[in-house]
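These notes are about the structure you will find just below.
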Amino acid sequence: MADEPVTYLSDDQSWDLRSGAALGRLVTSMAGEPEIFPVNYVVQDRTVLFRTAEGTKLFLAATSSPVAFEADDHTSVEGRSVIVKGRAQVLETDAEIQKAERAHLIPWVATLKLHYVRVIPSGTAGRRFRFGPEPDRLDTFA
């Protein structure tokens, strides 16, 4: 509904919106503490693909820890947020890496990012938010 302030998106709409963005956040947990990493990414075959160097992101992907990935965007009149929950997988075979290289994912930061990681989704959720003034509180309790 165009008049609703929050619209829940279908799976197809969520993937379409995610494909149009370039920056997201990878959410993991290490030793019971949340970790959040900004990453540039691409969507390939309804998975999220990013590159990384040695470190926490790679370690957590190698251990197949559960992750969440969130991407959002906005204009002056609306915002969008899409979340993927799943497992991260480090790409290791020649075939996996060659397929990932065809996505032309170039790191934004001038550091070597030799490893490809793919987030394999177990679920997705997307919402669109229409911006506007807060409703009158008295109207909501009448």
Side-chain angles (χ1 to χ4, degrees), residues 1-92 95-142:
M1 296 280 196
D3 292 341
E4 294 297 319
V6 179
T7 304
Y8 293 91
L9 304 174
S10 70
D11 238 18
D12 288 339
Q13 291 170 317
S14 293
W15 282 107
D16 287 347
L17 284 176
R18 190 173 304 104
S19 296
L23 181 66
R25 283 160 295 285
L26 179 72
V27 182
T28 66
S29 177
M30 185 167 194
E33 294 292 322
E35 300 281 344
I36 301 174
F37 304 95
V39 294
N40 69 302
Y41 72 96
V42 296
V43 169
Q44 189 178 54
D45 299 332
R46 288 198 174 206
T47 66
V48 175
L49 179 68
F50 65 92
R51 291 172 63 180
T52 190
E54 302 285 330
T56 304
K57 286 180 283 189
L58 183 62
F59 171 77
L60 292 169
T63 60
S64 194
S65 298
V67 299
F69 184 85
E70 193 264 349
D72 53 38
D73 197 10
H74 71 281
T75 66
S76 61
V77 296
E78 73 172 19
R80 297 160 301 280
S81 174
V82 179
I83 297 171
V84 173
K85 292 181 182 178
R87 295 235 174 238
Q89 174 187 22
V90 178
L91 304 187
E92 296 177 354
E96 290 172 328
I97 293 168
Q98 287 173 6
K99 181 177 181 175
E101 287 176 345
R102 288 193 294 273
H104 302 290
L105 177 59
I106 298 172
W108 284 2
V109 179
T111 59
L112 284 177
K113 295 189 180 359
L114 301 176
H115 306 279
Y116 284 97
V117 177
R118 189 177 299 281
V119 177
I120 311 296
S122 58
T124 62
R127 295 179 293 173
R128 179 174 280 128
F129 308 98
R130 183 178 49 85
F131 299 150
E134 180 179 18
D136 186 327
R137 292 178 187 206
L138 296 177
D139 287 345
T140 61
F141 295 107

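What you are looking at is a predicted structure, and each value in this text was computed from that prediction instead of being measured.
Of all the heavy atoms in Val48 and Val84, the pair that sits closest is CG2-CG2, 4.4 Å. Glu78 and Arg128 get closest at one heavy-atom pair: OE1-CD, 3.1 Å. Taking each heavy atom of Ser14 and Leu9 in turn, the nearest pair found is OG-CB, 3.7 Å.
Judged as a side chain to side chain contact (heavy atoms under 4.5 Å, CB included), and not counting sequence neighbours, the contacts of Gln98 are Asp94, Arg102. When the side-chain hydrogen bond (donor to acceptor under 3.5 Å, both in side chains) test is applied to Asp11, the partners found at least two apart in sequence or on another chain are Thr124.
Two residues are said to be in side-chain contact when any heavy atoms from C-beta on lie closer than 4.5 Å; Arg118 and Glu96 fail this criterion. Within the 4.5 Å cutoff, side-chain heavy atoms of Trp15 are placed close to those of Pro121. Proximity of Thr52 to Phe37: side-chain heavy atoms (C-beta onward) are nowhere separated by under 4.5 Å. Here the side chains of Phe131 and Thr75 are not in contact, with every heavy-atom distance at 4.5 Å or above. In this structure, Tyr116 and Glu101 have side chains that are in contact, with non-hydrogen atoms separated by less than 4.5 Å. In this structure the side chain of Arg87 reaches within 4.5 angstrom of the side chain of Pro66, judged on heavy atoms.
A donor-acceptor distance shorter than 3.5 angstrom exists from the side chain of Arg51 to the backbone of Leu105, with no hydrogens or angles considered. Here the side chain of Ser81 pairs no donor or acceptor atom with the backbone of Asp72 at under 3.5 angstrom.
Relative ring orientation between Tyr41 and Phe69 is described as perpendicular, the plane-to-plane angle rising above 60° on a 0-90° scale split at 30° and 60°.
Expressed to the nearest 0.5 Å, how far CD of Glu35 lies from OG1 of Thr28 amounts to 5.5 Å. The CZ atom of Arg127 sits 6.0 Å away from atom CD1 of Ile83, with the distance rounded to the nearest 0.5 Å. A distance of 5.5 Å separates CG of Leu49 from CD of Gln44, quoted to the nearest 0.5 Å.
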Given Val27 and Glu70, is the side chain to side chain contact (heavy atoms under 4.5 Å, CB included) satisfied, shown in steps? CA-CA 8 Å; Val27 182; Glu70 193 264 349; 5.5 Å; no

Using the side chain to side chain contact (heavy atoms under 4.5 Å, CB included) rule, take Asp45 and Lys99 through it: C-alpha gap first, then chi angles, then the decisive distance, then the call. CA-CA 10 Å; Asp45 299 332; Lys99 181 177 181 175; 2.4 Å; yes

